[in-house]
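Worth saying up front: this structure is predicted, and the values here are computed from it rather than measured.
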Amino acid sequence: MAYAIIRGDNGRRHEVAFDESEIKVSLHASNETVELAIEADDPDRPHEKRRFVLVNVPRHLFSKAMADLARQDRKRGQGINR
């Protein structure tokens, strides 16, 4: 089950639960940032009420996280494919 949880500046927690819905995941990258978009396939909901999450991170931090994950997987002998 896919979900996302964030905590805003005001300290309040916000959660997007996708439950068992089909989801679409897309990744877009520029030289500066990487954007991960996750959206539930909610055909019965109005467009403005569809469940989605957008995450934008600096590209160098995303690249470092992926490299760290690859190193961890390699140490465990799993490789990148899961």
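Nearest heavy atom pair, residue Y3 against residue A17, reads CB-CA, 4.2 Å. Listed here is the closest heavy atom pair of V53 and A4: CG2-CB, 3.5 Å.
Summarising the hydrophobic clusters (Ile, Leu, Val, Met, Phe, Trp, Tyr; side-chain heavy atoms under 4.5 Å, direct or chained), the residues clustered with F52 are L54.
Taking a cutoff of 4.0 Å between a charged side-chain nitrogen and a carboxylate oxygen, E15 and R13 qualify as a salt bridge.
Rounding to the nearest 0.5 Å gives a distance of 9.0 Å between OG of S26 and CD1 of I38. The line from CG of N56 to CD of E32 is 12.0 Å long, rounded to the nearest 0.5 Å. Rounded to the nearest 0.5 angstrom, E39 CD and K24 NZ are separated by 4.5 Å. Going from atom OG1 of T33 over to atom CZ of F62 covers 11.0 Å, rounded to the nearest 0.5 Å.
Linking ILVMFWY side-chain heavy atoms closer than 4.5 Å, directly or via other members, places L27 and V25 in a single hydrophobic cluster. With hydrophobic clusters built from ILVMFWY side chains whose heavy atoms lie under 4.5 angstrom apart, I6 does not share a cluster with V55.
With D42 contributing its side chain and D44 its backbone, the two residues share no donor-acceptor pair below 3.5 Å.
Residues satisfying the salt bridge (charged side-chain N to carboxylate O under 4.0 Å, His left out) test with D19, not counting sequence neighbours, are R51. Qualifying salt bridge (charged side-chain N to carboxylate O under 4.0 Å, His left out) partners for R59, counting only residues two or more places apart in sequence or in other chains: none.
For E22, the CD atom sits in a loose shell: 12 or fewer heavy atoms of surrounding residues, nucleotides or ligands are nearer than 6.0 Å. Residue N10 places its CG atom among more than 12 non-hydrogen atoms of other residues, nucleotides or ligands, all under 6.0 Å distant.
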